[in-house]
Amino acid sequence: MNEIAIKKDGEIIDTQTAKELGFEGEQIHLDNSPESLEVLRHSTAHLMAQAIKSLYPDAEFYVGPVVKEGFYYDFKTSAEVGEGDLKKIEKQMLSFAKKKYPIEKYEITMDEAKEKFKDDHLKLEVMKRIPSETVSIYKQGEFEDLCRGPHLPNIGLIRYFKLTKISGAYLGGDSKNEMLTRIYGIAFADKESLKAHMTQLAEAEKRDHRKLGNEMKLFTFREEVGAGFPIWLPAGGRLRARLESLLFKAHRKRGYEPVRGPEMLRSDLWKTSGHYQNYGENMYFTHIDELEFGVKPMNCVGHIKVYEDELHSYRDLPIKYFEYGVVHRHELTGALHGLFRVREFTQDDAHIFCRADQIEEQIIEVVDFVDKIMSTFEFDYKMMISTKPEKAVGDDAVWEVSTQALKNAMDKNELVYEIDEGGGAFYGPKIDIKITDAIGREWQCGTIQLDFNLPERFKLEYNGEENEKIQPVMIHRAILGSFERFIGILTEHYAGEFPMFIAPTQVAIVPVAETHKEYAKLLSDKLIDINADSEIYAKNDSLNKRIRTAEKTRVPMIVVIGDEEIKNKTVAIRDRRTREQYNLSEEEFLKLIQTKINEVNF
RNA sequence: GCCGACAUAGCUCAGUUGGCUAGAGCAGCUGAUUUGUAAUCAGCAGGCCCGGGGUUCAAAUCCUCGUGUCGGCACCA
């Protein structure tokens with residue numbers, strides 16, 4: 001097998017460059033190693049550009065990098081390119097690949113490059129961002145592209161690829177700029193890997209919470225109701241209620257007090273908080289008589305009003321209020337996405353009012369709380385500290401102090417995090433908890449936000465040791481983030497196979513014949529007494545059919561009851577999670593269910 | 001919001017180049033059957049073909065404006 005590049009000092013250098021500079025190093029062969037795929041996919045992006053250029057001669061090209069899930073190329077043409085054109089482009093790519101053009105490299109000066117690509121305003125745009133004096137050009141057949149490589153020695157090596165998505169993308173990732181066309185693709189060294197990859201994508205799609213939510217009747221959306229407004233169906237309602245009650249206990253244990261603010265508040269308050277100015281475009285407003293009201297997009301103002309209801313002593317801090325707060329946000333239509341992004345959702349929101357010297361311990365307590373829940377569900381998550389955004393309230397100095405406080409808390413406890421510059425809330429920096437969905441997209445769930453600004457704007461205070469007035473610090477936090485998004489993620493995580501303690505229905509009861517229905521009902525009542533939901537499958541269908549129907553709901557446990565069971569006071573269990581069948585006495589069975597439901601506490 | 005695609009029964013989908021009363025499976029209802037661990041049989045019902053507007057002798061099919069959904073971009077729990 002021929003080498004396609006070499007690795008020198010951790011860098012991938014293609015054969016063209018290595019030859020030119022006389023470099024030697026560890027050989028990289030065409031296989032599915034990360035290094036090889038990097039080169040292969042980059043060259044596949046170029047091959048795609050070559051095909052696009054031949055099909056759409058006026059096409060101009062921006063950049064075509066390798067990304068986590070393959071590669072893409074951004075370009076612009078006067079023609080309308082749609083999904084249907086991907087096949088055509090793939091075909092053209094294959095026909096070029098068959099010609100086995102070598103990929104040649106040469107260097108020219110920046111001025112020469114500008115002259116060469118003078119008709120391609122996108123390439124000129126790319127060059128503006130390159131500081132060096134000279135640039136390299138890669139040539140394959142008639143097609144030439146400005147690129148720093150690395151590339152394969154020959155396009156004939158590209159055989160197993162697929163163009164996967166087409167979409168628009170803003171030039172330079174800035175919505176103020178023009179929109180280009182982006183085509184995504186994937187490439188592998190062999191046919192099997194490509195096939196395996198496509199199969200894996202199809203498998204992931206089966207876990208999509210939108211599909212499962214529909215199948216399992218958890219929730220729905222209706223055109224006539226409006227985009228982004230989920231409707232919770234009974235099964236989803238039960239699942240959600242279980243989460244809510246578990247979480248309620250967890251909050252009480254940690255000293256949180258349940259409170260509730262109104263759904264909408266006078267606009268003057270939103271002006272005081274800064275939401276009106278900084279978040280107004282995401283809010284819904286209405287009028288009552290002459291006064292303007294804003295429907296709450298966050299719960300903090302309500303909780304501030306709770307805090308203001310009485311005077312506080314330094315001895316009482318921290319004070320923690322929590323609420324399953326329903327919020328409304330005007331998300332852009334294109335952003336809506338199943339339960340992951342909706343316009344009305346419920347946060348498991350809380351606000352901690354504390355002294356400056358309590359910040360760190362409070363942050364860490366919340367981080368532990370988050371970890372407790374995430375590990376219960378066996379989620380891999382990552383944390384990210386988001387700093388001051390473009391639109392923000394408060395002095396830079398205050399932002400600096402609070403951002404540093406978050407970092408300190410994390411560092412002191414040796415917690416790993418990444419930085420998201422400019423990703424903070426308008427009133428303070430935050431630690432975001434991100435979870436990955438079935439197809440690898442990351443979603444922010446929990447969040448911990450440190451806020452010196454709202455206490456200042458609302459002139460909050462508590463009495464210190466010397467009876468002086470001191471301003472408290474506010475920590476905004478949500479663990480799940482929102483029930484909507486979290487349940488969406490949970491659904492994909494378990495592929496609908498929810499564990500007993502959270503499942504919409506704990507047990508499906510299948511009576512063998514009509515005469516066993518009564519006993520089934522008795523059992524069902526006993527289950528309710530131990531806080532377990534059950535469903536009786538007594539329809540006029542065959543036993544097999546009813547077991548099949550029950551199985552398809554993904555219920556964790558099915559019990560079959562017939563003469564045998566009634567006589568012996570037992571149940572025949574079919575455990576969907578362990579795929580086992582066994583018998584238990586009724587008493588043992590109820591105890592087992594009770595244990596399984598109670599084994600989880602946050 | 002932007003680029004592109006899509007919208008047919010509760011669900012999953014057929015529906016030829018525009019051409020008669022728009023089809024199927026599942027689910028639902030009625031009856032027969034009373035079942036021992038993943039689909040018993042028969043019958044019935046179910047549709048403003050997403051919504052306006054247009055082209056045409058004729059529209060589920062073509063055009064147009066909405067609405068919703070999907071894939072991305074941008075934005076964000």
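First the proteins, then the strands, lettered A, B, ... as listed; each starts at 1.
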Problem set entry | side chain to side chain donor-acceptor pair (under 3.5 Å) partners for A/Asp541, two or more places apart | A/Lys539

Exercise. Roughly how many Å is it from NE2 in A/His516 to C1' in B/G36, rounded to a whole number?
Worked result: 9 Å

Problem set entry | 5'-to-3' dot-bracket of RNA chain B (Watson-Crick, G-U; under 3.5 angstrom; crossing pairs as [ ]; | other strand) | (((((((..((((.....[...)))).(((((.......))))).....(((((..]....))))))))))))....

For this session: Can you tell me the distance, in whole Å, between the CD atom of A/Glu224 and the P atom of B/A7?
Result: 19 Å

Exercise. Expressed in whole Å, how much space separates the P atoms belonging to B/U61 and B/A22?
Worked result: 14 Å

Problem set entry | Pair A/Phe71 + A/His42: ring centers closer than 6.0 Å | no

Exercise. Nearest-Å distance, CD (A/Glu178) to C1' (B/C2)?
Worked result: 13 Å

Exercise. Between the side chains of A/His476 and A/Gln347, does any donor sit under 3.5 Å from an acceptor?
Worked result: no

For this session: May I ask you to say what A/Ile547 touches in the nucleic acid, namely base, sugar-phosphate or nothing, with a heavy-atom cut-off under 4.0 Å?
Result: base

Exercise. How about A/Phe369 and A/His251: are their ring centroids closer than 6.0 Å?
Worked result: yes

Exercise. Is it the case that A/Lys372 places NZ or CZ above or below the six-membered ring of A/Phe602, under 6.0 angstrom from the centre and within 45 degrees of the axis?
Worked result: no

Exercise. Quick one: is A/Arg546 getting a side-chain N or O under 4.0 Å of the B/A39 phosphate, OP1 or OP2?
Worked result: no

Exercise. What nucleic acid atoms does A/Ala572 come within less than 4.0 Å of, heavy atoms only: base, sugar-phosphate, or nothing?
Worked result: base

Exercise. Is A/Lys88 atom NZ crowded by more than 12 heavy atoms from other residues, nucleotides or ligands, each under 6.0 Å away?
Worked result: yes

For this session: Taking atom P in both B/U8 and B/G47, compute the distance separating them and give it to the nearest angstrom.
Result: 15 Å

Exercise. Given the P atoms of B/A27 and B/U69, what is the spacing between them in whole Å?
Worked result: 29 Å

Exercise. Does the side chain of A/Thr346 reach to within under 4.5 Å of the side chain of A/Glu244, using non-hydrogen atoms?
Worked result: no

For this session: Provide the distance between the two C1' atoms, one in B/G1 and one in B/U17, to the nearest whole Å.
Result: 38 Å

Problem set entry | Distance in angstrom units between A/Ile89 CD1 and B/G4 C1', rounded | 12 Å

Problem set entry | Base-contact (B) and sugar-phosphate-only (S) positions in nucleotides 68-77 of chain B, heavy-atom cut-off under 4.0 Å, - elsewhere | SSSBBBBBBB

Exercise. If you look at every strand shown and take non-hydrogen atoms under 4.0 Å, does A/Glu215 touch a base, only sugar-phosphate, or nothing?
Worked result: nothing

Problem set entry | Euclidean distance for P, B/G51 against B/C11 (whole angstrom) | 15 Å

For this session: Using a 4.0 Å heavy-atom cut-off across all strands, classify A/Glu580 as base, sugar-phosphate, or nothing.
Result: nothing

Exercise. C1' atom, B/G18 versus B/C49: distance in rounded Å?
Worked result: 15 Å

Exercise. Hey, do the aromatic rings of A/Phe285 and A/Tyr276 have their centres closer than 6.0 Å?
Worked result: yes

For this session: Tell me whether the OP1 or OP2 atom of B/U37 has a side-chain N or O from A/Asn544 closer than 4.0 Å.
Result: no

For this session: Find the distance A/Arg554:CZ to B/A38:P and express it as a whole number of Å.
Result: 18 Å

Problem set entry | Distance test, side-chain N/O of A/Asn214 to OP1/OP2 of B/U12, below 4.0 Å | yes

For this session: Let me know, please, whether A/Leu180 or A/Lys217 comes out on the 5' side of the other along RNA chain B by nearest nucleotide.
Result: A/Leu180

For this session: Might you work through the side-chain contact (heavy atoms from CB on, under 4.5 Å) test for A/Tyr537 and A/Ile509, ending with a clear yes or no?
Result: CA-CA 6 Å; A/Tyr537 287 79; A/Ile509 305 174; over 6 Å; no

Exercise. A/Glu564 CD to B/U37 C1': how many Å, rounded?
Worked result: 14 Å

Throw together a table of side-chain donor-acceptor distances under 3.5 angstrom for residues 425-433 of chain A, partners on residues two or more places apart or in other chains.
{"residue": "A/Tyr427", "atom": "OH", "partner": "A/Gln449", "partner atom": "OE1", "Å": "2.5"}
{"residue": "A/Asp432", "atom": "OD1", "partner": "A/Gln444", "partner atom": "NE2", "Å": "2.8"}
{"residue": "A/Asp432", "atom": "OD1", "partner": "A/Thr447", "partner atom": "OG1", "Å": "3.0"}
{"residue": "A/Asp432", "atom": "OD2", "partner": "A/Ser386", "partner atom": "OG", "Å": "3.2"}

Problem set entry | C1' spacing across the pair B/U55 / B/C62, given as an integer number of angstrom | 8 Å

Each nucleotide N or O in nucleotides 26-28 of chain B that has a protein N or O under 3.5 Å away: list the pair and distance.
{"residue": "B/A27", "atom": "OP1", "partner": "A/Lys545", "partner atom": "NZ", "Å": "2.8"}
{"residue": "B/G28", "atom": "OP1", "partner": "A/Lys539", "partner atom": "NZ", "Å": "3.0"}
{"residue": "B/G28", "atom": "OP2", "partner": "A/Lys539", "partner atom": "NZ", "Å": "3.0"}

For this session: Take atom CG of A/Leu233 and atom P of B/G10, then tell me their distance rounded to the nearest Å.
Result: 15 Å

Sequence neighbours excluded and cut-off under 3.5 Å, please list the side-chain donor-acceptor pairs for residues 228-238 of chain A, or say none.
{"residue": "A/Arg238", "atom": "NE", "partner": "A/Pro504", "partner atom": "O", "Å": "2.7"}
{"residue": "A/Arg238", "atom": "NH2", "partner": "A/Thr505", "partner atom": "OG1", "Å": "2.7"}

For this session: Using the P atom as the reference point in each nucleotide, state the distance between B/U67 and B/C48 in Å, no decimals.
Result: 22 Å

For this session: Check the surroundings of atom NZ in A/Lys391: do more than 12 heavy atoms from other residues, nucleotides or ligands lie under 6.0 Å from it?
Result: yes

Exercise. Please give, in whole Å, the distance from B/A42 C1' to A/Asn540 CG?
Worked result: 13 Å

Exercise. Between A/Phe188 and A/His197, is the gap from one ring center to the other below 6.0 Å?
Worked result: yes

